[in-house]
Amino acid sequence: MGQTRVTGSGEDPRVTELRTAVFRLRRELAGHPAEFPDRGIAEDELAALDAMAVTGVPEIPRLRRSLLLIAGAIGSVSALASALRDVRIAVDLFGEPPRR
């Protein structure tokens, strides 16, 4: 417990899952024809998640905050629901933020 497996590339598999899920949602969002008021928020937070994943050591509270903002921004767009679910699952791999 407390240990993380590392892939052959040396990257934490949770980070790999997060990057893959974020990439998919970004791609689907970019291809979605409808404009909606909070689209920019979703795009900014997806970029923030990607940047955190690139560092390899994302902060759990920040991951969860970004996820909430993304869900709030695109939660009603049913065409993106599957990709959003994958991002949530990837964020959940990092566990719960520490209790205060």
Side-chain angles (χ1 to χ4, degrees):
M1 189 144 124
Q3 295 179 340
T4 351
R5 291 179 302 147
V6 176
T7 63
S9 67
E11 186 173 74
D12 182 336
R14 300 173 302 171
V15 171
T16 303
E17 288 294 323
L18 180 60
R19 293 189 75 198
T20 301
V22 166
F23 175 79
R24 176 179 172 217
L25 183 53
R26 286 177 94 177
R27 184 183 67 232
E28 289 187 18
L29 180 59
H32 195 289
E35 283 300 320
F36 46 92
D38 295 331
R39 186 182 192 122
I41 292 169
E43 290 168 344
D44 290 348
E45 290 304 318
L46 284 166
L49 281 177
D50 188 49
M52 283 186 273
V54 167
T55 68
V57 189
E59 296 176 31
I60 296 170
R62 181 68 176 104
L63 285 175
R64 295 202 170 277
R65 179 180 178 277
S66 288
L67 177 61
L68 286 173
L69 288 169
I70 294 164
I74 65 172
S76 64
V77 182
S78 60
L80 302 173
S82 177
L84 177 59
R85 184 194 70 237
D86 290 347
V87 171
R88 181 191 54 80
I89 290 168
V91 168
D92 285 346
L93 293 174
F94 288 90
E96 293 293 322
R99 301 267 182 211
R100 293 184 193 193

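- Between L25 and D86 there is no side-chain heavy-atom pair separated by less than 4.5 Å.
- Closest of all the heavy-atom pairs between A73 and D38 is CB-O, 3.4 Å.
- Linking Ile, Leu, Val, Met, Phe, Trp and Tyr residues whenever their side-chain heavy atoms come within less than 4.5 Å leaves I41 and L49 in two separate clusters.
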Set out, in order, the CA-CA distance, both residues' side-chain angles and the distance that settles side chain to side chain contact (heavy atoms under 4.5 Å, CB included) for L80 and L29, then state yes or no. CA-CA 7 Å; L80 302 173; L29 180 59; 3.8 Å; yes
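- Atom-to-atom distance recorded for R88:CZ and L93:CG is 10.0 Å, nearest 0.5 angstrom.
- Counting only heavy atoms from C-beta outward, the side chains of L46 and I70 approach each other to under 4.5 Å.
- In this structure, L67 is not a member of the same hydrophobic cluster as L69, with clusters built from ILVMFWY side-chain heavy atoms closer than 4.5 Å.
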Could you go through R62 and S66, starting from their C-alpha distance and side-chain angles, then the distance that decides it, and tell me whether this counts as side chain to side chain donor-acceptor pair (under 3.5 Å)? CA-CA 6 Å; R62 181 68 176 104; S66 288; 2.7 Å; yes
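- In the hydrophobic clustering of ILVMFWY residues, with side-chain heavy atoms under 4.5 Å counting as a link, M52 and F94 come out together.
- When all heavy atoms of A71 and L84 are compared, the closest pair comes out as CA-CD2, 4.0 Å.
- Minimum interatomic distance between E28 and A79 (heavy atoms only, all atoms of both residues): OE1-O, 3.9 Å.
- When side chains are defined from C-beta on, R14 does not count as touching P58, because their heavy atoms never get closer than 4.5 Å.
- With R39 contributing its side chain and A34 its backbone, the two residues share a donor-acceptor pair below 3.5 Å.
- The hydrophobic clustering, which links ILVMFWY residues whose side-chain heavy atoms are closer than 4.5 Å, places F23 and I74 apart.
- Using a 4.0 Å cut-off between charged nitrogen and carboxylate oxygen, R64 and D92 count as a salt-bridge pair.
- Note on L68 and V87: separate hydrophobic clusters, where clusters join Ile, Leu, Val, Met, Phe, Trp and Tyr whose side-chain heavy atoms are under 4.5 Å apart, directly or indirectly.
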